[in-house]
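Note on naming: letters A, B, ... go to the chains in the order of the sequence lines (proteins, then strands), and numbering restarts at 1 for each one. These numbers come from the heavy atoms of this one structure, side chains and all, not from hydrogens, waters or symmetry mates.
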Number of protein chains: 4
Amino acid sequence: MTPGAERETTLRADAARNRARVLQVAREQLAAGDDSLMLNTIARLAGVGVGTVYRHFPNRHALLEALLAERFQQFVDEAQVAAADEDARAGLHRLLRFALEHALNDAGFAAVLGSASDADARTSAMKAELDRAVAELLDRARDAGVVRHDVEADDIRRLLCGVEHAIRSGDDDARHARLYLDVLLEGLRPPPR
Amino acid sequence: MTPGAERETTLRADAARNRARVLQVAREQLAAGDDSLMLNTIARLAGVGVGTVYRHFPNRHALLEALLAERFQQFVDEAQVAAADEDARAGLHRLLRFALEHALNDAGFAAVLGSASDADARTSAMKAELDRAVAELLDRARDAGVVRHDVEADDIRRLLCGVEHAIRSGDDDARHARLYLDVLLEGLRPPPR
Amino acid sequence: MTPGAERETTLRADAARNRARVLQVAREQLAAGDDSLMLNTIARLAGVGVGTVYRHFPNRHALLEALLAERFQQFVDEAQVAAADEDARAGLHRLLRFALEHALNDAGFAAVLGSASDADARTSAMKAELDRAVAELLDRARDAGVVRHDVEADDIRRLLCGVEHAIRSGDDDARHARLYLDVLLEGLRPPPR
Amino acid sequence: MTPGAERETTLRADAARNRARVLQVAREQLAAGDDSLMLNTIARLAGVGVGTVYRHFPNRHALLEALLAERFQQFVDEAQVAAADEDARAGLHRLLRFALEHALNDAGFAAVLGSASDADARTSAMKAELDRAVAELLDRARDAGVVRHDVEADDIRRLLCGVEHAIRSGDDDARHARLYLDVLLEGLRPPPR
DNA sequence: AATGAATGAGTCTTCATTCAT
DNA sequence: AATGAATGAAGACTCATTCAT
């Protein structure tokens with residue numbers, strides 16, 4: 001029984017259920033475009049008392065962090081796999097498409113991805129892990145001459161958030177998503193001459 | 001007697017001065033990064049009563065619209081000049097750099113630029129005017145083979161907002177601004193093959 | 001028109017009325033033994049909105065201060081007159097009876113009188129003024145040999161609060177008040193031999 | 001089988017230990033000047049669940065009563081000894097000094113001593129016992145002409161609380177304690193004619 | 001008997017908007 | 001036309017008490 005995992009494990013069955021419900025409702029609220037995350041409302045929707053929400057998440061931010069930690073780690077794992085692709089350019093492509101999908105599905109995810117400073121050290125750690133994977137991929141891509149020299153992992157993250165933003169602003173159908181991502185990918189090539 | 005025109009015409013000198021002050025303060029607030037736009041605060045800073053603010057702008061949104069209308073028209077004018085450039089690609093370049101500067105200086109400007117629906121018909125009209133100019137430029141650029149065929153004026157607007165977003169997320173120094181805009185410009189070229 | 005008085009004067013008629021109502025209700029609450037001073041409740045009882053209460057008194061403490069300032073100054077004025085009595089012992093007697101009446105009528109008054117540290121400088125100033133008057137009286141009384149040498153103005157204040165406390169604890173009829181005050185006055189005489 | 005007795009008797013060893021811990025923590029809290037007595041906090045500090053606290057003490061008041069009962073009985077015992085002093089005035093002196101020490105050490109103690117009505121019959125019984133001892137002492141002192149005729153046991157209790165209050169309001173060093181108690185003792189002598 | 005998660009009424013505080021002056 | 005006091009709905013958070021485990 002890992003000590004870290006234990007915290008989750010020893011949670012009483014009903015407490016765990018409530019915690020999950022709250023996270024679930026919060027996620028739905030965000031997905032529905034309501035980023036106010038009112039703890040009272042969430043409590044009502046989750047069918048628990050306000051106090052229960054506050055017990056699990058002392059403030060709005062803690063809730064957001066929890067929401068993100070879940071998704072982000074999951075994503076970082078996938079990202080690392082994608083980053084190992086033999087073909088660096090293809091790997092980058094896959095990685096970005098990957099991240100974009102996540103960002104489009106989860107507004108909170110995009111928010112973290114694109115913020116300069118993190119409130120929680122765990123978030124920063126995960127972001128660093130992600131940047132490390134991207135940096136490796138970029139290095140290989142640069143060596144292969146398929147990516148311009150003046151962009152770094154950090155820039156990739158920010159540009160991706162920009163694309164996500166562009167897609168969200170207006171009809172965010174698949175065609176636009178594909179087009180905007182493609183523009184980014186083409187723009188990342190070393191400029192002619 | 002056009003009602004719209006009358007409002008502007010009959011404005012007493014002091015009323016006009018108050019209106020200008022309110023807009024000025026609101027602009028400063030936004031520039032200072034405070035996008036809450038509390039009308040009470042603005043009134044205090046402008047040295048007028050809240051009631052006065054409400055007389056001129058029935059609600060927060062009206063204030064935002066007014067703020068934008070001012071800037072936007074000014075921008076559209078400049079844009080039309082830029083769009084007339086002989087060299088279509090150079091014109092596009094200038095136009096985007098132009099817009100980007102505005103967007104970085106004025107968060108509200110970027111918000112309008114990137115929103116799918118407008119609250120005020122005048123805004124839509126100006127946006128249409130802008131898109132018309134960009135569309136012409138794009139047509140010429142496409143004919144010259146320097147821009148991919150699958151992007152429209154609307155996409156340009158959205159992508160630009162994306163770039164603005166990327167620049168704002170983190171250190172928004174000149175280097176990043178130039179780099180991200182360049183990535184966009186390169187990405188807009190017709191893809192190889 | 002004195003500047004100090006003006007603040008009160010320029011208060012709009014209705015604002016002044018509301019402020020007075022709030023103070024009135026707060027005073028009644030305290031008198032009724034409820035020292036929780038819930039601003040919402042006070043607002044309701046005063047027939048004004050919560051916001052109005054908050055406009056006049058940003059927090060509970062400000063309300064208390066206002067409540068006290070009113071009474072205290074009024075009392076200090078009277079005290080100074082009483083302190084000027086030719087017969088020092090009689091003056092002290094009158095002064096204490098005087099203060100006791102106030103303290104019994106207004107719990108807040110007693111609270112300030114008996115607290116070692118004040119939150120508001122004005123309160124400290126008034127207290128100092130009071131102590132000055134008492135000190136003069138004590139000096140004369142000591143010279144006349146009718147008060148023990150080891151008590152100071154500060155002690156008088158504290159002992160009086162003690163008496164007030166004793167009177168409140170139980171039936172606080174006039175007999176008890178007279179008796180306890182008399183015990184104090186006798187106790188203040190120089191001890192035999 | 002007396003229900004009251006049973007409760008004490010059948011208390012399991014661990015239950016008794018928990019009860020004692022809770023009382024201990026509550027006492028410490030009060031001593032530390034925190035008279036909010038939050039049962040959740042006490043439970044945490046005592047290392048038991050809230051439920052356990054509630055099992056032993058159905059509400060905050062019951063806890064207070066229990067806290068006091070302990071001390072009070074202990075005090076009454078000592079008081080009865082002190083009251084048996086040959087020299088009535090000396091006995092009174094010792095008794096009051098005695099009570100004062102207790103009251104200064106234990107704010108709850110003073111609260112009970114000075115309250116007109118008790119929540120628990122046991123408290124009233126103990127208070128009656130105390131008053132009986134004091135009354136005897138007073139009778140003897142009056143007969144000896146060393147205490148005024150118009151004070152009763154009840155008054156002694158209340159005046160003592162007054163002194164305690166005075167001592168607490170400000171620097172409560174030994175000098176002040178001695179002085180204020182002395183003022184009371186002198187004040188209790190029969191007034192000169 | 002013990003635990004501590006859950007509850008939700010209760011309180012504080014802010015701020016967009018109205019309206020008497 | 002201007003003022004700013006008043007309003008009160010809305011949101012954040014606490015804590016005494018209950019009850020399933």
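Annotation: the span from Asn18(D) atom CG to Arg55(D) atom CZ amounts to 10.5 Å, rounded to 0.5 Å. Ser115(C) contributes atom OG, which lies 15.5 Å from atom CZ of Arg168(D) (distance to the nearest 0.5 angstrom). Distance check: Thr123(A) OG1 to Gln73(A) CD gives 10.5 Å after rounding to the nearest 0.5 Å. The CG atom of Leu68(B) sits 6.5 Å away from the CD atom of Glu65(B) when rounded to the nearest 0.5 Å. Here the CG atom belonging to Leu37(B) is positioned 11.5 Å from the CG atom belonging to Asn59(B), to the nearest 0.5 angstrom.
Residues Pro58(B) and Arg60(C) each lie close to DNA chain E; by heavy-atom proximity, the contact nearer the 5' end of the strand is made by Arg60(C).
Rounding to whole angstrom units, CG of residue Asn18(A) and C1' of dA20(F) are separated by 12 Å. In this structure, the OH atom of Tyr54(B) is 12 Å from the P atom of dC15(E), given to the nearest Å. Rounded to an integer number of Å, the gap from NE2 of His61(D) to C1' of dA16(F) is 16 Å. As rounded to whole Å, 13 Å separates atom C1' of dG11(F) from atom CG of Asp34(A). The nearest whole Å value for the distance from the CZ atom in Arg17(C) to the C1' atom in dT21(E) is 12 Å. In this entry the distance linking CZ of Phe57(D) with P of dA2(E) reads 11 Å, nearest Å. Between Arg19(A) atom CZ and dA5(E) atom C1' there is a gap of 14 Å when expressed in whole angstrom units. Note: CG (Leu63(A)) to C1' (dA12(F)) measures 14 Å, nearest angstrom.
Between Phe109(C) and Phe72(C), the ring-plane angle classifies as tilted under the 30° and 60° cut-offs.
Taking the side chain of Arg55(A) as heavy atoms from C-beta on, and the options dA6(E), dC13(F), dA5(F), the nearest nucleotide is dA6(E).
Within residues 37-53 of chain B, the residues approaching DNA chain E are Met38(B), Leu39(B), Asn40(B), Val50(B), by heavy-atom distance under 4.0 Å.
Judged purely by atom type and a 3.5 angstrom limit, Arg44(D) has no side-chain atom pairing as donor or acceptor with the backbone of Val50(D). A donor-acceptor pair under 3.5 Å is absent between the side-chain atoms of Arg21(D) and the main chain of Ala16(D), judged by distance alone.
Contact annotation: His56(D) side-chain N/O to dA1(E) OP1/OP2 distance is not under 4.0 Å.
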- request: Fill in the dot-bracket string of DNA chain F, one character per base: . for unpaired, | for a pair to another strand, ( ) or [ ] for pairs within the strand, taking Watson-Crick or G-U pairs under 3.5 Å.
  value: .||||||||||||||||||||

Report, one line per pair, each donor and acceptor closer than 3.5 Å where one atom sits in a side chain of residues 22-30 of chain C; sequence neighbours left out.
residue: Gln24(C); atom: NE2; partner: Glu28(C); partner atom: OE2; Å: 2.7
residue: Arg27(C); atom: NH1; partner: Glu70(C); partner atom: OE1; Å: 2.9
residue: Arg27(C); atom: NH2; partner: Glu70(C); partner atom: OE1; Å: 3.3
residue: Gln29(C); atom: NE2; partner: Asp34(C); partner atom: OD2; Å: 3.4

